[in-house]
Number of protein chains: 2
Amino acid sequence: MLSFTEENYLKAIYKIYEKEKDVASTNAIAERMSTTAASVTDMMKKLAAKNLVIYEKYKGTRLSPTGHQIATTLIRKHRLWETFLVEKLDFSWEEVHIIAEQLEHIDSDKLIERLDDYLDRPKYDPHGDPIPNAEGKYTLREQIALNQLYKGDKGVLIGVKNHDDQFLSYLNDLKIGLGTKLEIIDKVMYDKSIKVKIDDQGPVLLTEKVSRNLFLKKTNQN
Amino acid sequence: MLSFTEENYLKAIYKIYEKEKDVASTNAIAERMSTTAASVTDMMKKLAAKNLVIYEKYKGTRLSPTGHQIATTLIRKHRLWETFLVEKLDFSWEEVHIIAEQLEHIDSDKLIERLDDYLDRPKYDPHGDPIPNAEGKYTLREQIALNQLYKGDKGVLIGVKNHDDQFLSYLNDLKIGLGTKLEIIDKVMYDKSIKVKIDDQGPVLLTEKVSRNLFLKKTNQN
DNA sequence: AAATGAATTTTGATTAGCCTAAAAATTCTC
DNA sequence: GAGAATTTTTAGGCTAATCAAAATTCATTT
Ligand SMILES: [Mn+2]
Ligand SMILES: [Mn+2]
Ligand SMILES: [Mn+2]
Ligand SMILES: [Mn+2]
């Protein structure tokens, strides 16, 4: 049985090398866990002793197959709970992450599977992130960030990169959510801001910072 | 913010003086928590320093108003989660307690209230135990243990005293659950066992040990 | 009111998780 | 490839939660 903390470390390592990297540096882990490199070193030794990570002094840490499986299950639980909170308890997408951070540690295989059934085996969570199945497999969708599109392009929002409360609330204000249709009316070259039509409403200007964080499925040909 | 452990201590104290007692002895708490008296003493000092309990050396411990409120909320969360697991995820009543022991520590007021709504503000959990409302109030029903009834008496099962997996599974085998109608066909004076008719099935013999643990609402006059 | 036995508290240790500061290893720069 | 800068590890220490064993207090019986 792993502690809450150990589980969070495994998830941190997973997240780090989900982003291209094939090894998680001590400092990167420390940053993600909001702790010190010294604490990370201690924990890596402990997790290595339990065969959950492969840790090499000064070289960094990778997940062992077991560690990888545990991390994937945590992601699965996290995303299923987020889906439950939004779909069944009517929470808004910016509220659920913080609660799911707790719920993901509940230990019961049967509970996860029942929850998955109850939600009709969802493939994506309220932020558009893929939910691994019981075997840890998930399929990525083709998606493109809004700032990569051109004038005249159309698409549907299928995910967000940034999950911050603030960012998501801003999207709520703009009436932008998963499934929202967006059409690029104009791009301002000077600051890369983008004028878009949102569903069937009047056009709105989005900064480049915002547009980089919106993932679309293109719906026009080009 | 309280630790998982601190919360469990508060709940243990609550449970102890739910059973008549007006003060929880160090040993009683130690037994409930499966720990030593020494550990309990340490924790009582800590909880007293946080004004969650009133602890007097050698005299025992009581809950402060704050401590009582926290304990009641824990019970509320525990019973709501148990209800969720049975009503929505189709768990059986003997499976839910162990999972609810984890879920009760999830910290989110909004989550509890949403869950309560979602379940249609249930008044009783899957074992027939009352669920405190948001103000910590609950109403006890009039109930009588099966072993207190007489030949010819009829009733409906509305609660169980013992919550053990084993006991509940035995009731499942007998097709006895909350809502089951029971009628006393005969009482054996020698060993106090009771012959009952279960719903509309043939009669079954229950030992006194079993009958003491079944709470009924009487449905005949007498 | 002393003696005895039970309950409770104190004492001294241990483990997990964390930290700061110092030391060591690695990587970068010229 | 030597020295500087950065990263990582080690050393030493702290707190929360736990325990076993010793000491103390309380309750009961004579
Ligand atoms: Mn999340
Ligand atoms: Mn998510
Ligand atoms: Mn229970
Ligand atoms: Mn219950």
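- When each of B:E113, B:E135, B:E104 is checked for a salt bridge (charged side-chain N to carboxylate O under 4.0 Å, His left out) with B:R76, only B:E113 meets the rule.
- Closest contact between the side chain of A:A37 and the listed nucleotides C:dA7, D:dT9, D:dT7 involves D:dT9.
- Other residues, nucleotides and ligands place no more than 12 heavy atoms under 6.0 Å from the NZ atom of A:K217.
- Rounded to whole Å, atom P of D:dC26 lies 7 Å from atom NZ of B:K59.
- If you check every strand for non-hydrogen atoms under 4.0 Å, A:Y55 touches sugar and phosphate atoms only.
- Counting non-hydrogen atoms of other residues, nucleotides and ligands closer than 6.0 Å to CD of A:Q166 gives a total of 12 or fewer.
- In this structure, A:F84 and B:Y118 have perpendicular ring planes: the angle between them is above 60°, well past the 30° mark.
- Using a 3.5 Å distance cut-off with no hydrogens or angles, the side chains of A:S193 and A:D191 do pair a donor with an acceptor.
- The residue from B:R62, B:M44, B:K59 that alone fulfils the side-chain contact (heavy atoms from CB on, under 4.5 Å) condition with B:I54 is B:R62.
- Distances shorter than 4.0 Å separate none of the side-chain N or O atoms of B:N27 from OP1 or OP2 on C:dA6.
- Checking the phosphate oxygens (OP1, OP2) of C:dT10, a side-chain nitrogen or oxygen of B:K57 falls inside 4.0 Å.
- A:L205 CG: more than 12 foreign heavy atoms inside a 6.0 Å radius.
- In this structure, A:T41 reaches the bases: a heavy-atom distance under 4.0 Å links it to at least one base atom across the strands shown.
- Across all strands, A:K45 comes closer than 4.0 Å only to sugar-phosphate atoms, never to a base (heavy-atom distances).
- Residues from residues 98-107 of chain A with heavy atoms under 4.0 angstrom of DNA chain C: there are none.
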(request) Using a 4.0 Å heavy-atom cut-off, write out nucleotides 18-23 of chain D from 5' to 3' as B (base contacted by protein), S (sugar-phosphate only) or - (no contact). (result) BBB---
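- Residue pairs meeting the ring-ring contact (aromatic ring centres under 6.0 Å, His included) criterion with at least one partner in residues 46-75 of chain A, sequence neighbours excluded, are A:Y14-A:H68.
- Rounded to an integer number of Å, the gap from A:M44 CE to D:dT8 C1' is 13 Å.
- Using a 4.0 Å cut-off, some side-chain N or O of B:T26 falls inside it from OP1 or OP2 of C:dT9.
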(message) Working note: B:H97 + B:H163, criterion ring-ring contact (aromatic ring centres under 6.0 Å, His included); need CA distance, chi angles, decisive distance, verdict.
(response) CA-CA 8 Å; B:H97 177 79; B:H163 289 57; 7.1 Å; no
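- Separating the CG atom of A:N8 from the P atom of C:dC18 is a distance of 9 Å, rounded to the nearest angstrom.
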